[in-house]
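Sharing a structure below in structure tokens format, with a few things to ask.
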Amino acid sequence: MAEARIGRRRRVVGAHYGTRDFIVQRTTAVIMALYTLALVLYAVFVPSLDFESWRAFFAFKVGTLPVGQMLGSVAFLSLAWHAWVGARDIFMDYAHADGLRLFLEAVAVLWIVASVVFFGQILWSL
Amino acid sequence: MSESATKPRPQFRNLGVTDLMSYRLPPAAKTSFLHRISGALLLLALPLVIVPLFGQSVHSPETFAAMKAWVATPLCKIVLLVLMWGYFHHFCAGIRFLTLDLHIGNSRADSQRSGAVVIGVALGLTVVFGLKLFGVW
């Protein structure tokens, strides 16, 4: 792939996928870490941690705006993108046969997309 | 042709499972490897354990109670203990990678020490919350 050339001189050596994945992995990690911190602080400081207060963390609204669901969606979509970059990194390192890697990547995409739909359906029907 | 030209040149690729026995893995390498294992574990468990449990916990007071009863079974406790370790390790190792990105503690000695600390803290947190899970406190 690195041998592909445009014109006489220019070698096509990538499109900065590495840089993008680097930034995505760290940005999504920070979002998830902050969400975890918020959830832990809430669990520690809420007067009594029961069904109502637990549900409220994900379902609370500010006026009519479903902020709990929006923040939960941001955190879970970060998780999904983070998981994809991580899974792909593992497959690139250990699954060298093209067919096997393609198969594993397809399974991972289905696995992650199914998880997002599953979680979204739960979160947005609160 | 010299002799060296006919010998296959050594290739240093990513570690495979069979290499693990012969490679010396310093703490930072163990942390990195466990980061991958814990990440893969959490992704595998996501639609099978984590999201279903979450759904039970927020749906209704009845499903919340059912979730608590299910979590009280020994098999589920063991599964959750492993997933707790996975989350703690992935979280702590992730914080370490972020600080390394910020060029904090990049010397060989510091990075090996922080690698060992991550493994220890994750196991410590697992023990503390594992004791909570099994009702000791």
Side-chain angles (χ1 to χ4, degrees), chain A residues 22-23 25-33 35-37 39-40 49-59 68-69 72 75-76 79-80 82-96 104 107-126, chain B residues 11-20 32-69 71 84 86-88 90-102 125 128-129 132:
Chain A
F22 180 97
I23 293 167
Q25 202 67 343
R26 279 142 189 86
T27 308
T28 53
V30 169
I31 291 170
M32 286 186 286
Y35 194 78
T36 302
L37 196 64
L39 186 56
V40 168
L49 190 61
D50 53 15
F51 170 73
E52 289 301 329
S53 61
W54 171 251
R55 188 182 185 279
F57 186 84
F58 305 98
Q69 289 164 315
F76 202 88
L79 167 59
H82 189 92
W84 163 245
V85 173
R88 183 166 161 268
D89 279 351
I90 291 177
F91 298 150
M92 283 196 293
D93 281 348
Y94 303 118
H96 296 296
L104 290 172
V107 171
V109 169
L110 278 174
W111 194 263
I112 292 167
V113 169
S115 299
V116 169
V117 172
F118 191 6
F119 181 82
Q121 191 269 331
I122 291 167
L123 186 68
W124 287 92
S125 57
L126 287 180
Chain B
Q11 288 192 17
F12 298 99
R13 290 177 169 268
N14 291 294
L15 292 187
V17 178
T18 49
D19 299 320
L20 286 176
S32 177
F33 196 63
L34 290 173
H35 194 66
R36 296 198 149 183
I37 293 180
S38 55
L41 195 71
L42 291 168
L43 176 56
L44 277 176
L46 189 64
L48 301 180
V49 182
I50 299 169
V51 175
L53 272 184
F54 172 76
Q56 292 261 297
S57 76
V58 293
H59 185 255
S60 70
E62 291 74 32
T63 59
F64 184 79
M67 183 275 298
K68 282 179 86 171
V71 165
M84 273 162 48
Y87 197 88
F88 292 142
H90 209 82
F91 188 95
C92 295
I95 299 291
R96 175 175 172 272
F97 286 135
L98 287 173
T99 58
L100 290 175
D101 287 342
L102 297 172
L125 284 170
V128 170
F129 285 92
K132 171 75 173 169

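Only heavy atoms go into these numbers, but all of them, side chains included; no hydrogens, no water, no symmetry mates. Here is the naming used below: chain letters follow the sequence lines, and residue numbers restart at 1 for every chain.
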At a heavy-atom separation under 4.5 Å, does A:Phe22 approach chain B through its side chain, its backbone, both, or neither?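 The side chain, not the backbone.
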Find the distance between NE2 (A:His82) and NE2 (B:His90) and round it off to the nearest 0.5 Å.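 If we round to the nearest 0.5 Å, A:His82:NE2 and B:His90:NE2 are 4.0 Å apart.
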Region of B:Leu43 that comes under 4.5 Å of a non-hydrogen atom in chain A: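 Contact with chain A involves both backbone and side-chain atoms of B:Leu43.
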So what's closer than 4.5 Å to chain B heavy atoms on A:Phe118: side chain, backbone, both or neither?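 Contact with chain B involves both backbone and side-chain atoms of A:Phe118.
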Do A:Phe119 and B:Ile50 touch side chain to side chain, with heavy atoms closer than 4.5 Å?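 Sidechains of B:Ile50 and A:Phe119: no contact.
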Answer yes when A:Asp89 and B:Arg36 have at least one side-chain N-carboxylate O distance shorter than 4.0 Å, and no when they do not.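 So A:Asp89 does not pair with B:Arg36 through a salt bridge.
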Quick one: does A:Leu79's side chain get under 4.5 Å of B:Leu42's, heavy atoms only?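 The answer is no; the side chains never approach within 4.5 Å.
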With a 4.5 angstrom heavy-atom cut-off, is it the side chain or the backbone of B:Tyr87 that approaches chain A, or both, or neither?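 For B:Tyr87, side-chain heavy atoms alone lie under 4.5 Å from chain A.
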Output the option from A:Ile112, A:Ile122, A:Val30 having the highest count of non-hydrogen pairs under 4.5 Å with chain B.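 Most heavy-atom pairs under 4.5 Å with chain B: A:Ile122.
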Do B:Asp101 and A:Arg26 come close enough that some side-chain heavy atom pair is under 4.5 Å?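 In contact.
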Run the numbers on A:Trp111 and B:Leu44 for side chain to side chain contact (heavy atoms under 4.5 Å, CB included), then give the verdict. CA-CA 8 Å; A:Trp111 194 263; B:Leu44 277 176; 4.3 Å; yes
Is A:Ala87 in contact with chain B via its backbone, its side chain, both, or neither, using a 4.5 Å heavy-atom distance?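 For A:Ala87, the side chain is the part near chain B, not the backbone.
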Is it the backbone or the side chain of B:Ser57 that comes under 4.5 Å from a heavy atom of chain A, or both, or neither?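 Backbone plus side chain of B:Ser57, per the 4.5 Å heavy-atom cut-off to chain A.
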